[in-house]
Number of protein chains: 2
Amino acid sequence: MDTAVARERALDAAERLFYGRGVQSVGMDDVRGASGVSLKRLYQLFPAKEQLVEAYLERRDVRWRGRLAAYVAARQEPRERILAVFDWLAEWFGEADFRGCAWINAYGELGAVSGRVAEQVRAHKRAFRDYVGGLVADAGLPAALTGPLCLLAEGAMVTAGITGSAEPAAQARAGARLLLASGVTSAGDGSSRD
Amino acid sequence: MDTAVARERALDAAERLFYGRGVQSVGMDDVRGASGVSLKRLYQLFPAKEQLVEAYLERRDVRWRGRLAAYVAARQEPRERILAVFDWLAEWFGEADFRGCAWINAYGELGAVSGRVAEQVRAHKRAFRDYVGGLVADAGLPAALTGPLCLLAEGAMVTAGITGSAEPAAQARAGARLLLASGVTSAGDGSSRD
DNA sequence: GAAGGGAGAGAACGAGCGTTCTCCCGTGTT
DNA sequence: AACACGGGAGAACGCTCGTTCTCTCCCTTC
């Protein structure tokens, strides 16, 4: 078996297991069983479990943000693109194996114990925020809307993960619509102080 | 040492350790060392670690919601009370030992592996949502605002936990103000569909 | 004062798991 | 054809940790 193929199979199995059951309750032997990649090979590819975890989060991050961006790119109107983020969340939440945000879960599990994982989670969330910030800027809306919009999205991910329902996406979308409307109303520099 | 006292000390230590480092990376021996309660006594009080974890979440839930309610109760104006939720979040996020929402973290760590913990997390989040729903109703605002307001709060908890900053509370509060304003504008039966 | 019982300290036990090692087989090379 | 090499299966090792056991001591009670 080709090295590249073995790596992909290992990562596929690791992702399925880590995301579905959490990192700590999945053993390297489970990954081997699910992937068909022998333990020896596994340790050649990833010298320790921690590296497999990092590779899992890294690969998923690229794919997740790519899927989101592709979905949003299909819309033309700038404000529609912002709402599309929430439509995409709804689709994601509806997937059969959805079990919350992989990074929020990983942070809860390993954030206090693994600085590298914590940093990966922060980087992922930073990238998401930057992406939304770009959409807000493209729509000519005040930058101050970026924070609340991201919080709606994060809240939806967390709530959907815990309740197992896709409804939080619709609620977040409704909230976002109201924010966008008020953003238009009071559109300006976005620096209004309390 | 009195049984009740030993129980409190054990729970104090367990809460500090579980919340600070996660449940799985804290051993019963760590709890014993931090609490001064002997292992034998610990297992008399809590027949297994899982029960200690449940008692930790249970006691923290009561205290957390009590603190929130007490803070909010100090405000008179119904809409101010809703915003007070976010002010309280800001205070919480600013505490030295703040490390995110204990229930979100516990869900990420144990949600997939312990049905009882998952249920406790759901119950806690349900109670929070009901509480906010009550504030919204008292303010005469459309019930449809409850969802987005809760998502802002959840998003703030998650983001503050990951970034270690208290700023998400202010962003969530700003978002909530906009939602409340639009809620007043289009106040009605709150049953608008989209 | 002697006996019994509960409590603390910590050793012990057993399971799980990350990681490595051994053994064996198939393959490609000379 | 002989042999070295890489890879697979899975046993083995060592550590952690949940849980229990042992031993001793002190306090209570008759």
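In the text below, chain A, chain B and the rest are named by the order of the sequence lines, each starting its count at 1. What you are looking at is a predicted structure, and each value in this text was computed from that prediction instead of being measured.
A donor and an acceptor atom never sit less than 3.5 Å apart when one is taken from the side chain of A:Lys49 and the other from the base of C:dG18.
For A:Arg16 and A:Asp97, the salt-bridge test fails: no basic side-chain N is under 4.0 Å from an acidic carboxylate O. Salt-bridge check for A:Glu119 with A:Arg126: passed, with a basic side-chain N closer than 4.0 Å to an acidic carboxylate O.
The CZ atom of A:Arg32 sits 16 Å away from the P atom of C:dT20 (whole-angstrom rounding). Nucleotide C:dT19 holds its P atom 9 Å from the CD atom of A:Gln51, rounded to whole Å.
Residues satisfying the salt bridge (Lys or Arg N to Asp or Glu O under 4.0 Å) criterion with B:Glu54, sequence neighbours excluded, are B:Arg116. Shown here are the salt bridge (Lys or Arg N to Asp or Glu O under 4.0 Å) partners of B:Arg129, two or more places apart in sequence or in another chain: there are none.
Side-chain proximity of A:Tyr43 to the nucleotides D:dG7, C:dG18, C:dG10 is greatest for C:dG18. Out of D:dG7, C:dA9, C:dT19, the shortest distance to the side chain of A:Met28 is found at C:dT19.
Sequence order on DNA chain D of the closest nucleotides to B:Lys40 and A:Lys40 puts A:Lys40 first from the 5' end.
Non-hydrogen atoms lying under 4.0 Å from DNA chain D are contributed by nothing in residues 12-27 of chain A.
Taking 4.0 angstrom as the limit, A:Arg41 places none of its side-chain polar atoms (N or O) nearer than this to OP1 or OP2 of D:dG6.
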Would A:Gln76 and A:Glu80 count as a side chain to side chain donor-acceptor pair (under 3.5 Å) here? Give the steps. CA-CA 7 Å; A:Gln76 312 297 330; A:Glu80 273 301 309; over 6 Å; no
